[in-house]
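Structure record follows, encoded as structure tokens.
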Amino acid sequence: MNRRQILPGVEWLGAIDWNRKSFDALIPIPDGTSYNAYLIHGEQKTVLLDTADPTMRDVLMEQLSDIPRIDAIVAHHAEPDHSGLLPDVLALYPEAKVLCTPKAQGMLTDLLPIPPERIQPVQDGDLYDLGGRTLRFIHLPWVHWPETMGSFLVEDRILFSCDFFGSHLATSALFASADSRWLECAKLYYAQILMPYASIVRKDLDKVCSLDPLQIAPSHGPVIDQPERILHAYREWLDAPPRRLALVARVSMHGSTSVLADRMIAALIARGMDVQVFDLTAFAADRFAAALVDASALILAAPAVWNGPHPLALIAAALVNGLRPKLRRIANIGSYGWGSKALEGTPALFPGLKVEILPSVLCRGRPKPEDLAAIDQLADRLAVDA
Ligand code: FEO
């Protein structure tokens, strides 16, 4: 994969990972991803922004093979998918310094064999003069690690945003407007990477909007050539109230919990709610995460196993806890064999979420008419002002 020109003197490099199937060994990324680096040529200096995942060492080294000098490498973020090849690049360019936030300095030396004297911390708003071009460093904490920053190329008004506004999308398109999957991938990315830190991301978004960038070049996915689209989408994802959308995450062993779940789905639809259903035995964690961005209600439908809820429900609950969505209400429904105690702890699966946990509907064995009536009443409460 060769370097590609964004503007004269501003190049994309890095790697497209067509084969990667998940990130953090947790959430599927069915469209692959990319690890973007950028090369900026000034009249006097050349700067490399980030590197790439260590698995792509040969690709990046080949792309740099005809670049005789690099004066500085900006490490926007210490996570190895962007910083992992810093030692290799530093070995190739002995004159180059690593520019990063003060917080990143210790993280980089903890994670990688980098001599501390080769790292030069930069403050928020500091400028780096390349000759005819200027980089301004923009600290962007918690998108999605505490040490993260971006860089703004002042004259060309390009924001290099690191993980902010990224998308896990392997595509031949250099620019986002040329790939119809991009915004959906960007939403999934937001859900799994940035939603947990929404309160701080909101401030980072304000900071970016004040720059009024013409292009946004993230560390994953294509370069965003219509920044207003992603800035508007982020505003919606962060601030819009949840929709009348209920997510039903369900698993059943012998059919009883299925009867409750089916009744709940029908009752919610009858009350004018949109419903998305997730089979926990084939859990699409990526679709589930993206749906959590908009949903107002979650119904966990799971039977008792051993002395607690079915373990597949615990995975979904852990995801909800970690991603911290805007949900308003959570309800648990399920059947048990010989004692309801196994399911009574289900509401405690959501510690720390600012969400209303509604009373559970639990039944012994096959649901009776009164259990189904209780489901209808629960649906009433889930649908109120959803
Ligand atoms: Fe793409 Fe947080 O690294």
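Throughout, numbering of the chain's residues begins at 1 and tracks the sequence.
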> Would Asp156 and Leu214 count as a side-chain contact (heavy atoms from CB on, under 4.5 Å) if you check the C-alpha gap in whole Å, the side-chain angles of each, and the deciding distance to 0.1 Å?
Replying inline: CA-CA 8 Å; Asp156 302 286; Leu214 292 175; over 6 Å; no
So if you build clusters from Ile, Leu, Val, Met, Phe, Trp, Tyr with side-chain heavy-atom gaps below 4.5 Å, do [X] and [Y] land together?
| X | Y | answer |
| --- | --- | --- |
| Ile40 | Phe175 | yes |
| Phe288 | Ile27 | yes |
| Ile138 | Leu99 | no |
| Tyr128 | Val154 | no |
| Phe160 | Leu127 | no |

Determine yes or no for a side-chain-to-main-chain donor-acceptor pair under 3.5 angstrom, with [X] supplying the side chain and [Y] the backbone.
| X | Y | result |
| --- | --- | --- |
| Arg157 | Asp212 | yes |
| Ser34 | Gly221 | yes |
| Asp17 | Tyr35 | no |
| Arg324 | Met195 | no |

Using a 4.5 Å cut-off on heavy atoms from C-beta on, say whether the side chain of [Y] contacts that of [X].
| X | Y | result |
| --- | --- | --- |
| Trp182 | Ile230 | yes |
| Asp385 | Arg328 | no |
| Val259 | Leu372 | yes |
| Asp279 | Val277 | no |
| Phe137 | Val74 | yes |
| Met149 | Cys162 | no |
| Asp286 | Pro30 | yes |
| His77 | Glu147 | yes |

Output every pair passing ring-ring contact (aromatic ring centres under 6.0 Å, His included) with a member in [range], not counting sequence neighbours, ordered by first then second residue.
| range | answer |
| --- | --- |
| residues 236-262 | Tyr190-Trp237, Tyr234-Trp237 |
| residues 39-65 | none |
| residues 320-367 | none |

> Which residues, ordered by chain and number, are linked to Trp306 in its hydrophobic cluster, where ILVMFWY side chains connect at heavy-atom gaps below 4.5 Å, directly or through other members?
Replying inline: Met253, Val305
> Apart from Ile114 itself, what residues make up its hydrophobic cluster, given side-chain heavy atom links below 4.5 Å?
Replying inline: Leu13, Leu39, Leu48, Leu60, Met61, Leu64, Ile67, Ile70, Ile73, Leu85, Leu86, Val89, Leu90, Leu92, Tyr93, Val98, Met107, Leu108, Leu111, Leu112, Ile119, Trp145
Between [X] and [Y], does any side-chain N to carboxylate O distance fall below 4.0 Å?
| X | Y | result |
| --- | --- | --- |
| Asp206 | Arg235 | yes |
| Lys45 | Asp129 | no |
| Arg329 | Glu356 | yes |
| Asp124 | Lys207 | yes |

On a heavy-atom basis, which atom in [X] and which in [Y] lie closest, and how many Å separate them?
| X | Y | answer |
| --- | --- | --- |
| Leu140 | Gly150 | CD1-N, 3.7 Å |
| Asp163 | Val143 | CB-O, 3.6 Å |
| Ala170 | Ile16 | CB-CG2, 3.6 Å |
| Ala15 | Met56 | CB-CG, 3.4 Å |
| Gln63 | Met1 | NE2-O, 2.8 Å |
| Pro222 | Ala173 | CB-O, 3.8 Å |

>> Test side chain to side chain donor-acceptor pair (under 3.5 Å) on Thr134 and Glu155; report intermediate values, then the result.
In response: CA-CA 7 Å; Thr134 316; Glu155 293 77 7; 2.7 Å; yes
>> Evaluate Arg250 against Ser258 for side chain to side chain donor-acceptor pair (under 3.5 Å), listing each step before the verdict.
In response: CA-CA 8 Å; Arg250 62 188 286 175; Ser258 255; 3.1 Å; yes
> Step by step, would you call Asp31 with Glu184 a side-chain contact (heavy atoms from CB on, under 4.5 Å)?
Replying inline: CA-CA 11 Å; Asp31 293 287; Glu184 192 178 330; over 6 Å; no
> Taking only residues two or more places apart in sequence or in another chain, which ones pass ring-ring contact (aromatic ring centres under 6.0 Å, His included) with Tyr189?
Replying inline: His168, His220
> More than 12 foreign heavy atoms under 6.0 Å from NZ of Lys368: is that the case here?
Replying inline: yes
> Under 6.0 Å from the CG atom of Asp110, do we count more than 12 heavy atoms belonging to anything else shown?
Replying inline: yes
>> side-chain contact (heavy atoms from CB on, under 4.5 Å) for Cys209 and Leu205? Distances and angles first, verdict last.
In response: CA-CA 6 Å; Cys209 288; Leu205 181 63; 4.2 Å; yes
> Angle class for the His144/Tyr197 ring planes (parallel below 30°, perpendicular above 60°, tilted otherwise)?
Replying inline: tilted
> Got a second to check how far Ser167's OG is from Arg181's CZ, nearest 0.5 Å?
Replying inline: 9.5 Å
>> Is it the case that the side chains of Arg69 and Thr46 hold a donor-acceptor pair, with the cut-off being a distance below 3.5 Å and no angle test?
In response: no
> So among Ser83, Ser151, Ser161, which one has a side chain to side chain donor-acceptor pair (under 3.5 Å) with His76?
Replying inline: Ser151
